[in-house]
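Numbers restart at 1 for each chain; the letters A, B, ... are given by sequence-line order, proteins then strands.
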There are 2 protein chains.
Amino acid sequence: MPRIGLDLPTLLQTATDIADESGLESVTLASVAQKLQIRSPSLYNHVNGLPDLRRHLAFRGLALLKERFERALEGKDGDDAVRAFSQAYLGFAREHPGLYEAVQRAPEPDDDALKQAMGEIVGYAVRALEGYGLRGDPAIHAVRAIRSLLHGFASLERQGGFGMPLDLDVTFRLMVETFLAGVKAMKDGGGEQG
Amino acid sequence: MPRIGLDLPTLLQTATDIADESGLESVTLASVAQKLQIRSPSLYNHVNGLPDLRRHLAFRGLALLKERFERALEGKDGDDAVRAFSQAYLGFAREHPGLYEAVQRAPEPDDDALKQAMGEIVGYAVRALEGYGLRGDPAIHAVRAIRSLLHGFASLERQGGFGMPLDLDVTFRLMVETFLAGVKAMKDGGGEQG
DNA sequence: TTATAATAACTAATGTCATTAGTTTTGACA
DNA sequence: TGTCAAAACTAATGACATTAGTTATTATAA
């Protein structure tokens, strides 16, 4: 019975690798155990079953995302903050497609800790849009809009949803600029009709 | 051995109901068979296993979506076409969350029929944006942008990603208007810098 | 250095699911 | 009424998650 000295970080790193290489659905206790050369019941010494493992991956993804946002937003404001935030978001989704999936899953209704961690991430979107002087409802709408835009793009790109052979980075930058232009256009004039 | 006279449409309707009520992941051969009061191997008389069932659901979702787009775009152009298209898209995602999931799944690399059906759906986005006189690359970018926006919103809404208690329909309409304003703003002037 | 306790990893077993092979029997049609 | 395709079945296998209970390693304390 050669003990391998497994700990939670190692387990999560292994699961992360599988997720990012083969997708979150490929993360099973069986696949993780096999990669660690261990029997799957042994994983229960470190993790409370598959749902708990996925939850850990969500936290891990959120922590990485947070780091990126911190770095990206540092010293930026106005349009540049939104651009940097958007690039950080897409960069994460591209480098960690598996963790990105994990982060997207809806938390259990009673999982307040995970909900709070997800809320913190939304907070960075709020910060990125601060420079526009939006307050109250319009600020909430704007945050929802940029989140929709970024998640939609990241999600469609990941699953190969964009067929045409045209540079996706260009689309992305243009899309963000279009959003910024739209926000500005709506600010002076369009607000009354919605 | 009382034969129930199952046919493919009935099977798919049952699977659709489960998907829309409990999510696509709840659609298993076991759950469908149970709802039909049948043993799960019997389903193989109508469907080639679970992946094939999911594929059928994707086609079914695409067909319903197509109907909606046809109806929505009839006689519309310009901004109204984009608004109608967007409402049709969101309406489908809301009424058929399970089919919506099925439609989002990446097709197998060799599944040309499904790829083509998905491409047809993208064609309606192209049609909706026709009124803006975009040609070539800018048209492709714009289609990608609206798809990102719509899918992102539908996806985040479905998984309860929007926490604040503020009317989501308002956000959605405003978001589409912001997009339209952005496209217009980019058309006259902003094109050179991105 | 040695005894003890915590625990990492194990085996065995159960239950769910997808899937395949092979069987029965229904129901349509000749 | 007899025949035959196929709808539904049973039985069996293999992947997976999970639980219970076992073994043995390692850290810690005497």
Check: So, is A/Ser42 close to the C/dA8 phosphate, meaning a side-chain N or O under 4.0 Å from OP1 or OP2?
Finding: no
Item checked: Below 4.0 Å: OP1/OP2 of C/dA9 and any side-chain N or O of A/His46 -> yes
Just the rounded figure in Å: distance from [atom2] of [N] to [atom1] of [X].
X	N	atom1	atom2	answer
B/Leu29	C/dT20	CG	P	11 Å
A/Glu25	D/dA17	CD	P	13 Å
A/Leu6	D/dT25	CG	P	17 Å
B/Ile38	D/dA8	CD1	P	4 Å
A/Arg39	C/dA8	CZ	C1'	15 Å
B/Leu43	D/dA6	CG	P	18 Å
A/Asn45	C/dA9	CG	C1'	7 Å
A/Tyr44	C/dC10	OH	C1'	15 Å

Check: Considering only heavy atoms, which members of residues 50-60 of chain B lie under 4.0 Å from some atom of DNA chain D?
Finding: none
Just so I know, are the side chains of [X] and [Y] near enough to count as touching, which here means a heavy-atom distance under 4.5 Å?
X	Y	value
B/Gln104	A/Gln159	yes
B/Phe59	B/His56	no
A/Phe85	A/Leu129	no

Next item on the list: Hey, can you tell me if A/Tyr89 and A/Tyr100 have their rings parallel, tilted or perpendicular (30° and 60° cut-offs)?
Entry: perpendicular
Check: Residues two or more places apart in sequence or in another chain: which of them pass side chain to side chain contact (heavy atoms under 4.5 Å, CB included) with A/Glu70?
Finding: A/Tyr124, A/Arg127
Note to self: I'd like to check the side chain to side chain contact (heavy atoms under 4.5 Å, CB included) partners of B/Asp110; sequence neighbours left out, ordered by chain and number.
What the structure shows: B/Glu108
